[in-house]
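Structure record follows, encoded as structure tokens.
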Amino acid sequence: MIWAYCTNGFRDHPLDQTLEVLADLGYTGAAVTLDHGHLMPGASPAEVGRIAALAGRLGLALAVETGGRYTLDPRRKHFPTLLHDEAGARVDFIREAMRIAADLGAPVVHLWSGIRPPEVPEAEAWDRLVRHCERLLGEADKAGVTLGFEPEPGMLVADLAGYERLRGLLGGHPRFGLTLDIGHCRCLEPYDVPECVERALPHLVHVQIEDMRRGVHEHLEFGEGEIDFPPALAALDGFGGLVAVELARHSHAAPDVARRSIEFLRRAHDLAGAGRSGR
């Protein structure tokens, strides 16, 4: 496994320090959230190159995530999304994320649909999403990166079935991959977590991981929720992308949380391996 950590969980550290702490703890990857205080859209090629070189020296594989809460608007969380009338700003942001990802040597750019605005009918929301994703996939071809689309509870595309519908509407484009959040599987999917992983694997390009409870979209430290992790990790066996801890609300104790997280995941992975060998 490429154990990684989402940098949105290190909001109180500069990106350089974040990467150094993660490498010291034994992580071999980082999911870089483009946001204030870290890399932002418009970052110079020199700055992006400096971060790429640092990650290379530290032995960290990278992905780029675009889920910052107030990255584009200081007053409205996640505004605008691909579903708003003002979606052009979000499209431009994801396009810039693809440029940064290519310069970082990061093969995957994460994104999601957003919550449907109440004034936008559902059919129109789907039409907008498909249209913007088609445009972004053309840019992804040029940049040589893959989009990792995440189903997110409460958003237009909330679950695996929604992702599969969207992928079908996009003609199964080879650069339209899936970001699977393991916690979301427990939160709202109608299958158990290993079944969700197995269903996701054919299109899986990026994984986010944390604990969670059924019906509650709250990212929890490992052991605080309801997920049985060894079977989930056993189902991920052979996946070659990043498995990134996403605990965005834990920045106040980021180094300790990151340490506990990788220790937990290593133990769970060892148990998963023991379970496979004992079959």
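Worth saying up front: this structure is predicted, and the values here are computed from it rather than measured.
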Worksheet item: Does one hydrophobic cluster hold both Leu170 and Val91, with members joined at side-chain heavy-atom distances below 4.5 Å?
Response: yes
Worksheet item: Does some side-chain heavy atom of Gln208 sit less than 4.5 Å from a side-chain heavy atom of Glu65?
Response: yes
Worksheet entry | Euclidean distance, Thr179 OG1 relative to Asp181 CG, rounded to 0.5 Å | 9.0 Å
Show which side-chain atoms of residues 132-142 pair as donor or acceptor with protein atoms under 3.5 Å away, not counting sequence neighbours.
residue : atom : partner : partner atom : Å
Asp141  : OD1  : Arg175  : NE           : 3.0
Asp141  : OD2  : His173  : NE2          : 3.4

Worksheet item: Any link between Ile209 and Val193 through a network of hydrophobic side chains (Ile, Leu, Val, Met, Phe, Trp, Tyr) touching at under 4.5 Å?
Response: yes
Item to complete: Let me see the working for Tyr5 and Phe10 under ring pair (Phe, Tyr, Trp, His ring centres under 6.0 Å), right down to the final yes or no.
Response: CA-CA 9 Å; Tyr5 204 92; Phe10 271 78; 5.4 Å; yes
Worksheet entry | Note, Ser261 side chain near Val257 side chain (heavy atom, < 4.5 Å) | yes
Fill in: Partner of Asp73 under salt bridge (charged side-chain N to carboxylate O under 4.0 Å, His left out), chosen from Arg76, Lys77, Arg75
Arg76
Worksheet entry | Residues in side chain to side chain donor-acceptor pair (under 3.5 Å) contact with Glu226, at least two apart in sequence or another chain | Arg186
Quiz: residues 101-112 side-chain donor-acceptor pairs under 3.5 angstrom, not counting sequence neighbours:
residue : atom : partner : partner atom : Å
Asp103  : OD2  : Arg99   : NH1          : 3.1
His110  : ND1  : Thr66   : N            : 3.3
His110  : NE2  : Glu150  : OE1          : 2.7

Worksheet item: Under the side chain to side chain donor-acceptor pair (under 3.5 Å) rule, what pairs show up with a residue in residues 14-33, not counting sequence neighbours?
Response: Asp16-Arg50
Worksheet entry | Flag side-chain contact, heavy atom, 4.5 Å: Leu83 against Val120 | no
Worksheet item: salt bridge (charged side-chain N to carboxylate O under 4.0 Å, His left out) with Arg90: which residues, sequence neighbours excluded?
Response: none
Discussion item. Suppose we screen for side chain to side chain donor-acceptor pair (under 3.5 Å). Which residues come up paired with Tyr191, at least two apart in sequence or across chains?
Written reply: Arg199
Worksheet item: Is Ile94 reachable from Val205 through a run of hydrophobic residues whose side-chain heavy atoms are each under 4.5 Å from the next?
Response: no
Worksheet entry | Glu189: partners by salt bridge (charged side-chain N to carboxylate O under 4.0 Å, His left out), with sequence neighbours left out | none
Response to the item:
Across all chains, not counting sequence neighbours, the salt bridge (charged side-chain N to carboxylate O under 4.0 Å, His left out) partners of Asp12 are none
Response to the item:
salt bridge (charged side-chain N to carboxylate O under 4.0 Å, His left out) with Glu263: of Arg260, Arg266, Arg259, only one passes, and it is Arg259
Item to complete: Report yes or no: does Asp211 contribute a side-chain atom to a donor-acceptor pair with the main-chain N or O of Ile227 at less than 3.5 Å?
Response: yes
Response to the item:
Applying ring pair (Phe, Tyr, Trp, His ring centres under 6.0 Å) to Phe229 and not counting sequence neighbours gives Phe222, Phe264
Worksheet item: ring-ring contact (aromatic ring centres under 6.0 Å, His included): which pairs involve residues 193-218, sequence neighbours left out?
Response: His184-His217, His217-His219
Fill in: Interatomic spacing from CG in Leu62 to CG in Leu242 - rounded to 0.5 Å
7.5 Å
Discussion item. Quick check for you: to the nearest 0.5 Å, what is the distance between Leu82 atom CG and Arg128 atom CZ?
Written reply: 11.0 Å
Discussion item. What I'd like to find out is whether the side chain of Leu236 reaches to under 4.5 Å of the side chain of Leu204, using heavy atoms alone.
Written reply: yes
Worksheet entry | With sequence neighbours excluded, residues passing salt bridge (charged side-chain N to carboxylate O under 4.0 Å, His left out) with Asp159 | none
Discussion item. If I take atom OG1 from residue Thr7 and atom CG from residue Leu39, how far apart are they, to the nearest 0.5 angstrom?
Written reply: 8.5 Å
Worksheet item: Between Leu54 and Leu34, is there a shared hydrophobic cluster once you connect ILVMFWY residues whose side-chain heavy atoms come closer than 4.5 Å?
Response: yes
Discussion item. Working to the nearest 0.5 angstrom, can you tell me the gap between Glu221 CD and Asp256 CG?
Written reply: 9.0 Å
Item to complete: Kindly indicate whether the side chain of Leu72, heavy atoms from C-beta on, has any atom under 4.5 Å from the side chain of Pro80.
Response: yes
Worksheet item: Can you tell me how far the NE2 atom of His78 sits from the OG atom of Ser113, to the nearest 0.5 Å?
Response: 11.5 Å
Worksheet item: Hey, does the Lys NZ or Arg CZ of Arg116 hover above the aromatic six-ring of Trp126, less than 6.0 Å from the centre and inside 45° of the axis?
Response: no
Worksheet item: What pairs with Arg95 under side chain to side chain donor-acceptor pair (under 3.5 Å), at least two apart in sequence or on another chain?
Response: Asp92
Discussion item. Under 4.5 Å between side-chain heavy atoms, counting indirect links through other Ile/Leu/Val/Met/Phe/Trp/Tyr residues: same cluster for Met1 and Leu58 or not?
Written reply: yes
Worksheet item: Are side-chain heavy atoms of Val145 and Val64 found at a separation under 4.5 Å?
Response: no
